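See below for the structure under consideration.
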Amino acid sequence: MRRRDFVLGALGAGLASTGAFDSLVRNDITAQAAFARGGIPYGAAVRTDLLDTEFDYKEAIIDHCQIVVGEGGLKWIDLRPSQEQFVFEQPDRLIDFANRNGMQMRGHTLAWYGAMPDWTKTIASAAEAERELVHHITTVVGRYRGRIPSWDVVNEAIAETPMRGSVIRNSIWQERLGPRYIEIALRTAAAVDPSAQLVINDYNVENPTPQCRDRRKALLDLLRSLKDRDVPFHAVGIQGHLPGDLEIDREGLSRFVEDVKGMQLDVLVTELDVIDDKLPPNEYDRDRIVARRAGDFLAAIDEAARPSAVLTWGITDRYTWVPMWFKRSDGKPNRPLPLDASCRPKALMKVIDEFTRAAE
Ligand code: XIL
């Protein structure tokens, strides 16, 4: 049974929704149906250009996803070729695809250190940086007001390995504005689209390592400081790029999610994949370890709070960012995602389906 038929079948179960979830799925029947069944919408990052060139890729997204997010398209590097330009073709194409297929679209991302066009290096002062950031968010969030219900407003704000004194990662925004760029971004997004779910998205909080422990603490400190100043935001995105060779810190991750929930924040899994560069070469063995890591990760989060969405960063091994940084020494293709390179479900898809479909 196609996932979508399953979800639509849930429609008869009546639609339920809670405030925590409304902003993401208010207008999306399929996701509300999934939610009504006690389920959690699943989605994936999409390479929008492939929707018009690869039928099996498009069908796999339609078969499995209730949410899509552009892998590119809404990053500055794609959107802003120059200080004067906004290029919206890609996100416009993706939101049209989402609407035609009863899906929600997430926006990724408004303030990040990465994928910045060269011209932004010329931003010379705090005043200019604030003007550019506010103008960008006002224009982009304004264009999709009411149509993109959830935004990664701030992406990867925490330093790679937070040490004393350098907790916030360097970026043009941090350099020119300091940490207050985060508040500026969130307040601007909230003012432009008060109905949008505003998310602070980050990574490497899942393992029993000093780095993950420090990043969990740094992220919680940031969240608390923002909440203490009544800065508007609603959720934390746990990216979930899981090192396949490291166990999940079930206690540390659950406690982190407990603390996030304690601040009346939702949790989303935003970019799940399992980095298998250090896993055995045998595909069957590798797929099972990948699935187990993801299962442990989702279970650890769920012990404290049900995530309001689970997205993978891509859906098929044919297109994944993982080999950009984590190529396998044996030259074998990475297998980090729920579908194999021929878009056939793997053990990871089964784990995600079972987790997201489980009734309340
Ligand atoms: C990655 C994309 O997958 C690549 O195609 C691109 O070249 C670089 O960015 N965390 C994030 C994503 O939040 O935006 C990154 O996506 C992967 C890591």
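Counting starts at 1 for both ligands and their atoms, following the listed order. Just so you know, these numbers come straight off a predicted model, no measurement behind them.
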Any residue meeting ring-ring contact (aromatic ring centres under 6.0 Å, His included) with Y319, in chain and number order, not counting sequence neighbours
Y57

Does K346 reach the main-chain N or O of D287 with its side chain, forming a donor-acceptor pair under 3.5 Å?
no

Residues which pass salt bridge (charged side-chain N to carboxylate O under 4.0 Å, His left out) with E354, listed by chain and number, not counting sequence neighbours
K350

Can you pull the residues with any heavy atom under 4.0 Å from ligand 1?
E71, K75, H108, W112, N155, E156, Q239, H241, E271, W313, W321, M324

Measure centre to centre between the rings of W325 and H241, then say whether the value is under 6.0 Å.
no

Any salt bridge between D56 and R318, counting N to O under 4.0 Å?
yes

Keeping to residues at least two apart or across chains, list the salt bridge (charged side-chain N to carboxylate O under 4.0 Å, His left out) pairs with something in residues 320-331.
R328-D330

